[in-house]
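Let me begin by presenting the structure, written as structure tokens, before commenting on it.
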Amino acid sequence: MQGLEKEIQFIKGVGPNRSALLQKLGISTLEDLITYYPREYEDRSKPKAIAELVDGQENLIEAVVVSKMSEQRIRKNMAIYKLIVRDETGTCLLIWFNQSYLKNKFMIGQKYKFYGKVSIKSGKIEMNSPVYDEQEKTRNTGKIIPIYPATFGLAQTTIRQVMENAIQIINSEKDLLEETLPDYIKTEYKLEDIKTAINQIHFPADFNEFENARKRLVFEELLSMQLGLITLKNKYTKQEKGIAFDKRVIISDVINELPFKLTKAQLKVLEEIYNDMEKDKPMNRLLQGDVGSGKTVVSIISAYKAVKCGYQVAIMAPTAILASQHLESFENILNNFGIKCGLLIGSITKKKKEELLEKLRNGDIDILIGTHALLEENVTFKNLGLVVTDEQHRFGVRQRSIINKKGKNPDVLVMTATPIPRTLALILYGDLDISIIDELPPNRKKIDTFAVDKNMEDRVNSFIKKQIKEGRQIYVVCPLVEETEEINAKAVLELYEKYKNEIFSEYKVEYLHGKMRPKEKDFIMQEFKNGNIDILISTTVIEVGVNVPNASIMVVENAERFGLAQLHQLRGRVGRGEYQSYCILKYNSNSEVVKERMKIMQQTNDGFIIAQKDLELRGSGEFFGTKQHGIPEFKIANLFEDMPVLKTVQNLVIQIEEQDPKLELEKNKPLKNLIDKKFTDRIEI
Ligand code: ADP
Ligand code: MG
């Protein structure tokens with residue numbers, strides 16, 4: 001119950017109720033709380049004259065009450081309260097709804113501070129639901145006020161109060177908050193100490209203080225990430241001896257058997273991969289390539305090399321659907337070479353599974369393809385030499401290393417279609433070497449993308465019907481509602497009813513969502529693949545890698561709620577066959593940013609450009625925000641804005657690496673503590 005691990009119930013102002021709400025925000029300890037940084041700030045320090053108030057803005061006034069509070073009941077449960085206040089420049093009407101406790105709060109002739117949203121209608125100045133303070137108090141006004149992110153029913157004032165209490169604990173208990181940066185670094189880069197920074201990030205006296213606090217916290221966050229990644233990389237590649245695959249085993253046999261010519265980019269990454277494989281250091285490589293760029297065949301050829309050298313291969317995919325699809329692709333090519341593949345997914349029978357595992361142990365299976373099921377303890381290989389994980393962002397670092405442990409330092413290839421700009425990828429995946437397929441196979445038809453609003457609904461629907469009549473199939477992806485899988489499922493079902501019963505009653509409509517059992521999902525997906533379903537409505541479960549060449553339209557409902565990178569992934573589900581394909585982004589918003597984002601989707605099919613734009617428009621917080629990415633999440637840094645800091649930090653890390661790679665020097669002790677704490681999960685394994 002000590003120190004920063006102190007549970008939040010022990011903070012003044014936090015009872016069981018608030019504690020539960022805070023837990024929902026991921027806050028369970030004192031440390032979680034003080035690192036729950038404000039989303040933005042409101043400057044409530046400088047009052048404006050009433051005559052200078054601006055319609056639509058939130059402003060602060062200092063004014064004298066000139067009327068009694070009036071109460072007006074408009075409905076049974078609804079009352080409006082009005083108060084007139086005045087300063088030297090004018091009069092303002094304050095309005096509250098249903099706040100009867102305010103009735104006797106204000107005294108005529110007294111001056112108060114009010115802060116709220118101003119509305120000016122034909123010269124009449126009003127302020128809606130203002131917060132207030134008596135003149136000399138500064139509970140809600142008179143300072144810069146932090147505004148916290150999502151609060152799930154916690155009022156901002158409550159969170160603020162709890163935060164104040166937490167900060168007080170930090171300030172009154174000496175040494176509770178230990179310094180995490182060495183003095184020499186703080187001096188050289190002019191950084192605040194940790195206590196000051198934490199105080200000022202939450203309650204800055206002015207924006208200068210905020211800037212300084214933020215600078216320090218961003219620096220620390222990026223530094224610990226970079227150091228952590230470097231340590232991880234050194235641990236895996238420098239200290240361990242890996243498998244040196246036989247140079248004499250050549251891959252041209254299998255390349256010559258392919259039904260197509262590899263692209264230059266595919267050949268280049270293959271060379272990088274087999275160079276790594278032939279070295280006696282373990283390979284630890286990220287293979288990045290846009291959807292459809294042909295990563296799978298690269299993994300097939302790499303697997304061929306491993307098997308021909310006498311080793312087994314594990315291929316891990318995030319869903320059963322994808323794993324089965326991979327099995328098909330692998331067998332198509334490798335069966336001709338006498339290579340045996342097996343499939344391990346959650347839904348296979350116990351008996352079959354036992355047989356499979358037995359064959360795996362004996363070495364009768366060369367390549368095992370599967371889902372998380374591969375991680376289970378009883379899955380043992382005879383001689384695992386290469387591990388490929390597909391769509392890396394679905395697997396955590398820990399899961400990756402569980403599978404790696406099933407061999408003796410096997411080579412590792414991580415494949416991802418998350419298009420991260422190269423500069424950023426180099427930094428974020430500091431623990432991996434990177435290969436990029438930056439070219440699509442020839443003759444790909446461009447997917448035509450249309451952004452449409454409600455007015456176009458009918459035209460879109462008749463276009464869909466026309467395509468179905470021509471034999472094509474349609475995906476419809478539902479708005480992503482973050483909160484829970486249940487809510488997402490509900491949205492899917494509602495849309496399904498509407499499509500099935502109203503608009504598309506003459507067609508076969510089905511649905512898919514994350515709450516369904518794996519068997520059901522596989523069944524529906526298989527039916528769709530076989531062409532027995534015309535329209536498939538789903539959540540983003542189909543985002544990853546599914547291949548149905550006959551599908552020609554991807555409709556995304558409420559496209560404004562998705563990140564561009566994600567829209568791009570979704571769009572990649574169509575245009576996989578010979579048919580001209582379309583992506584229809586339905587949006588429901590007047591925001592300029594939304595329109596700008598839709599425009600980008602229409603203009604380009606290049607995932608890397610899209611990713612870059614997405615970063616610019618939304619910031620890294622949202623870009624990497626979803627838990628699905630295996631990329632470290634940042635509490636305060638924004639990779640786009642803070643790129644210069646990231647570069648500074650990178651140089652610093654290189655210096656530290658040269659001087660003190662194991663962080664053994666006394667002066668670097670705080671750094672050692674910092675990354676030990678933040679990366680224990682990742683480094684121990
Ligand atoms: P992704 O990178 O999204 O995983 P896939 O590996 O699924 O892409 O490849 C998409 C499609 O392109 C597959 O049908 C595959 O057979 C085909 N393909 C891959 N490489 C080439 C190539 N060099 N020329 C033509 N088609 C290719
Ligand atoms: Mg793929």
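For ligands, and for the atoms within them, numbers begin at 1 and follow the listed sequence. This structure is a prediction, so every number in the text was calculated from the model and none was measured.
- Not close to ligand 1: G289, with no non-hydrogen atom less than 4.0 angstrom away.
- Around atom NZ of K446, more than 12 heavy atoms belonging to other residues, nucleotides or ligands sit under 6.0 Å away.
- Looking at G294 next to ligand 1, an N or O pair under 3.5 Å apart turns up.
- Counting heavy atoms closer than 4.0 Å to ligand 1, residue M415 contributes nothing at all.
- Side-chain atoms of S589 and E560 include no donor-acceptor pair closer than 3.5 Å.
- K353 and E376 are joined by a salt bridge, as a carboxylate oxygen and a charged side-chain nitrogen come within less than 4.0 angstrom of each other.
- Within a 6.0 Å sphere centred on CD of E470, heavy atoms belonging to other residues, nucleotides or ligands number more than 12.
- Annotation: K465, atom NZ; neighbour count of heavy atoms from other residues, nucleotides and ligands within 6.0 Å is above 12.
- The closest non-hydrogen atom to atom 7 (O) of ligand 1, taken over I333, T263, T296, V297, comes from T296.
- Residue contact annotation: R576 has a non-hydrogen atom under 4.0 Å from ligand 1.
- Listed by number with element, the atoms of ligand 1 under 4.0 Å from a non-hydrogen atom of S293 are 2 (O), 8 (O).
- For ligand 1, the atoms lying closer than 4.0 Å to a non-hydrogen atom of L262 are 23 (N).
- Near K261, with a cut-off below 4.0 Å to any heavy atom, the atoms of ligand 1 are 22 (C), 23 (N), 24 (N).
- Judged by the shortest distance from any of its heavy atoms, D290 lies inside the 4.0 Å radius around the atoms of ligand 1.
- Between E355 and I348 there is no side-chain heavy-atom pair separated by less than 4.5 Å.
- In this structure, F245 has its ring center closer than 6.0 angstrom to the ring center of Y311.
- In terms of polar-atom proximity, defined here as any N/O pair under 3.5 Å, G292 does make such a contact with ligand 1.
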